[in-house]
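As the structure is a computational prediction, the values presented were derived from the model and not from experiment.
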Amino acid sequence: MNQEEPGKGRDGRPYSAYSPRAWNLVYLSMFLLYRNSYTPITGDPLTDEDNEIFYRVVWDKMGSLSFSGRSSGLPRSYAEAMEYYQDLLDNELTDTYMLEVGRKLFATPPAPEDLPTALRPVWPLISRVAGEVAITCGMAISRPKVRDVFGFPFNKVRRIEYAIICRVLPVLYHRLPKRISMAPLAYNRWQYEQLVSDLEGTQLTSFRPDPELAPQHPAPAGA
């Protein structure tokens, strides 16, 4: 396998991971991974207002990673961010050696370190099934340009697979115990909010959480 020269994509165009636009492309791609996964997992559609709130929440958690310059910073509203993201896809996204590595990891995930010994002999089969599900879901929630670069066609078979997955995931999400359906940090936050709700039910102000510890969501530009 031939690797391209450092700092050049397969098309020969130079690129840099330190470029603000390249960094913003990664940032917004991660945001959309979370945002576009929400409805297939929960079954709940997002409105325009929900999208704006979603963007503010992620900004609150990860906004410090954004560049601060006027020409390199991220947009502060969801609508502007989506226009900017499409521009980044059209002008910045290119095939690289690291994307090839990502494709292989995507298609055949490596065995987890804590995988039980009894499952290791059948992991290659599990890996292929898990990879197919990951590819199907990943391509379904991605834009056409991303699908083209990754080289995973969203064909008729995958569309049928995705429709089935979208029916199964919400059922599992709502019926499985939250310890299983939530990520560890999300589960801890849910436990915290449940505890706050129970303590506030006593109507004792001494149990109220410190307002300074509550998440702060900056208003979008122009608000």
Side-chain angles (χ1 to χ4, degrees), residues 1-4 9-11 13 15 17 22-46 51 54-55 58 62 81-82 84-116 119-176 180-186:
M1 177 177 58
N2 294 325
Q3 300 180 13
E4 58 267 75
R10 297 186 184 279
D11 57 1
R13 186 174 62 170
Y15 71 91
W23 183 251
N24 289 343
L25 176 61
V26 174
Y27 183 104
L28 289 175
S29 294
M30 290 301 299
F31 162 73
L32 284 173
L33 174 65
Y34 289 116
R35 185 267 173 207
N36 292 350
S37 299
Y38 179 84
T39 296
I41 292 174
T42 66
D44 301 327
L46 293 173
N51 286 329
F54 210 125
Y55 189 69
V58 174
M62 301 173 61
M82 292 304 96
Y84 179 55
Y85 180 67
Q86 187 60 52
D87 177 65
L88 292 175
L89 291 182
D90 294 339
N91 297 286
E92 302 296 332
L93 184 61
T94 184
D95 195 4
T96 66
Y97 170 67
M98 290 308 299
L99 278 183
E100 183 169 330
V101 173
R103 277 193 290 269
K104 290 185 176 181
L105 292 176
F106 210 42
T108 54
E113 293 183 0
D114 57 350
L115 183 70
L119 292 179
R120 291 191 177 277
V122 296
W123 177 254
L125 176 60
I126 297 174
S127 177
R128 285 195 293 272
V129 173
E132 179 63 24
V133 172
I135 291 171
T136 296
C137 294
M139 295 303 99
I141 64 175
S142 297
R143 300 198 180 189
K145 178 66 179 293
V146 177
R147 297 175 190 167
D148 291 342
V149 171
F150 269 87
F152 294 130
F154 191 53
N155 52 31
K156 183 177 180 180
V157 173
R158 287 204 169 107
R159 292 179 188 277
I160 294 174
E161 290 177 355
Y162 183 65
I164 296 173
I165 290 171
C166 286
R167 288 184 175 275
V168 173
L169 284 181
V171 175
L172 296 177
Y173 177 78
H174 289 290
R175 295 190 178 182
L176 286 175
I180 297 176
S181 63
M182 286 183 167
L185 289 178

(request) Indicate yes or no: at least one non-hydrogen side-chain atom of L93 is less than 4.5 angstrom from one of V146. (result) yes

(message) Test of understanding: with side-chain contact (heavy atoms from CB on, under 4.5 Å), list the residues that count as partners of L119, not counting sequence neighbours.
(response) L115, P116, V122

(message) Suppose we screen for side-chain contact (heavy atoms from CB on, under 4.5 Å). Which residues come up paired with I180, at least two apart in sequence or across chains?
(response) L176, P177

(request) Please state whether the rings of F150 and F106 are parallel, tilted or perpendicular, taking 30° and 60° as the class boundaries. (result) tilted

(message) Test of understanding: with side-chain hydrogen bond (donor to acceptor under 3.5 Å, both in side chains), list the residues that count as partners of S29, not counting sequence neighbours.
(response) Y85

(message) Can you tell me how far apart CD (E100) and CG (L105) are? Round to the nearest 0.5 Å.
(response) 11.0 Å

(request) Indicate yes or no: at least one non-hydrogen side-chain atom of L32 is less than 4.5 angstrom from one of M82. (result) yes

(request) Work out which heavy atom in S127 is nearest to a heavy atom in P109; give both atom names and the distance. (result) OG-O, 2.9 Å

(request) Taking all heavy atoms of S37 and all of L33, pick out the closest pair and write down the distance. (result) OG-O, 2.5 Å

(request) I would like to know whether W23 and L28 meet side chain to side chain contact (heavy atoms under 4.5 Å, CB included); could you show each step before the answer? (result) CA-CA 9 Å; W23 183 251; L28 289 175; over 6 Å; no

(message) For R143, give me all partners under side-chain hydrogen bond (donor to acceptor under 3.5 Å, both in side chains), at least two apart in sequence or on another chain.
(response) Q86

(message) Side chains of T94 and V149, heavy atoms from C-beta outward: is any pair under 4.5 Å?
(response) no

(request) Please report the shortest heavy-atom distance between A111 and W123, naming the atom on each side. (result) N-NE1, 3.2 Å

(request) Tell me, yes or no, whether the heavy-atom count around R167 atom CZ, taken from other residues, nucleotides or ligands under 6.0 Å, exceeds 12. (result) no

(message) Measuring from atom CD1 of I141 to atom CZ of F154, what distance do you get when rounded to the nearest 0.5 angstrom?
(response) 10.0 Å

(message) Once side-chain contact (heavy atoms from CB on, under 4.5 Å) is applied, do any residues pair with Y34, and if so which ones, sequence neighbours excluded?
(response) M30, F54

(request) Identify the two heavy atoms, one from N24 and one from Y84, that lie closest to each other, and give their separation to 0.1 Å. (result) ND2-OH, 3.0 Å

(request) To the nearest 0.5 angstrom, please state how far the CG atom of N36 sits from the CG atom of L46. (result) 9.0 Å

(request) Locate the shortest heavy-atom distance separating L169 from P40; write the atom from each residue and the value. (result) CB-O, 3.5 Å

(request) For side chain to side chain contact (heavy atoms under 4.5 Å, CB included), just list the numbers for L25 and L89, CA-CA rounded to whole Å, side-chain angles, deciding distance to a tenth of an Å, and then say yes or no. (result) CA-CA 8 Å; L25 176 61; L89 291 182; 3.8 Å; yes

(request) Applying salt bridge (Lys or Arg N to Asp or Glu O under 4.0 Å), name anything that partners R158, two or more places apart in sequence or on another chain. (result) E132

(request) Check the pair R103, D95 against side chain to side chain contact (heavy atoms under 4.5 Å, CB included), reporting the backbone distance first and the verdict last. (result) CA-CA 11 Å; R103 277 193 290 269; D95 195 4; 3.3 Å; yes

(request) Identify, with sequence neighbours excluded, every residue that meets salt bridge (Lys or Arg N to Asp or Glu O under 4.0 Å) alongside D87. (result) R21

(message) Going by side-chain contact (heavy atoms from CB on, under 4.5 Å), name the residues that satisfy it together with Y173, two or more places apart in sequence or in a different chain.
(response) I41, T42, S181

(message) I'd like to know whether F152 forms a side chain to side chain contact (heavy atoms under 4.5 Å, CB included) with R147, so could you lay out the CA-CA distance, the side-chain angles of the two residues, the decisive distance to 0.1 Å, and finally the verdict.
(response) CA-CA 6 Å; F152 294 130; R147 297 175 190 167; over 6 Å; no

(request) Check for a donor-acceptor pair, side chain of T39 on one end and backbone N or O of D44 on the other, with a separation under 3.5 Å. (result) yes

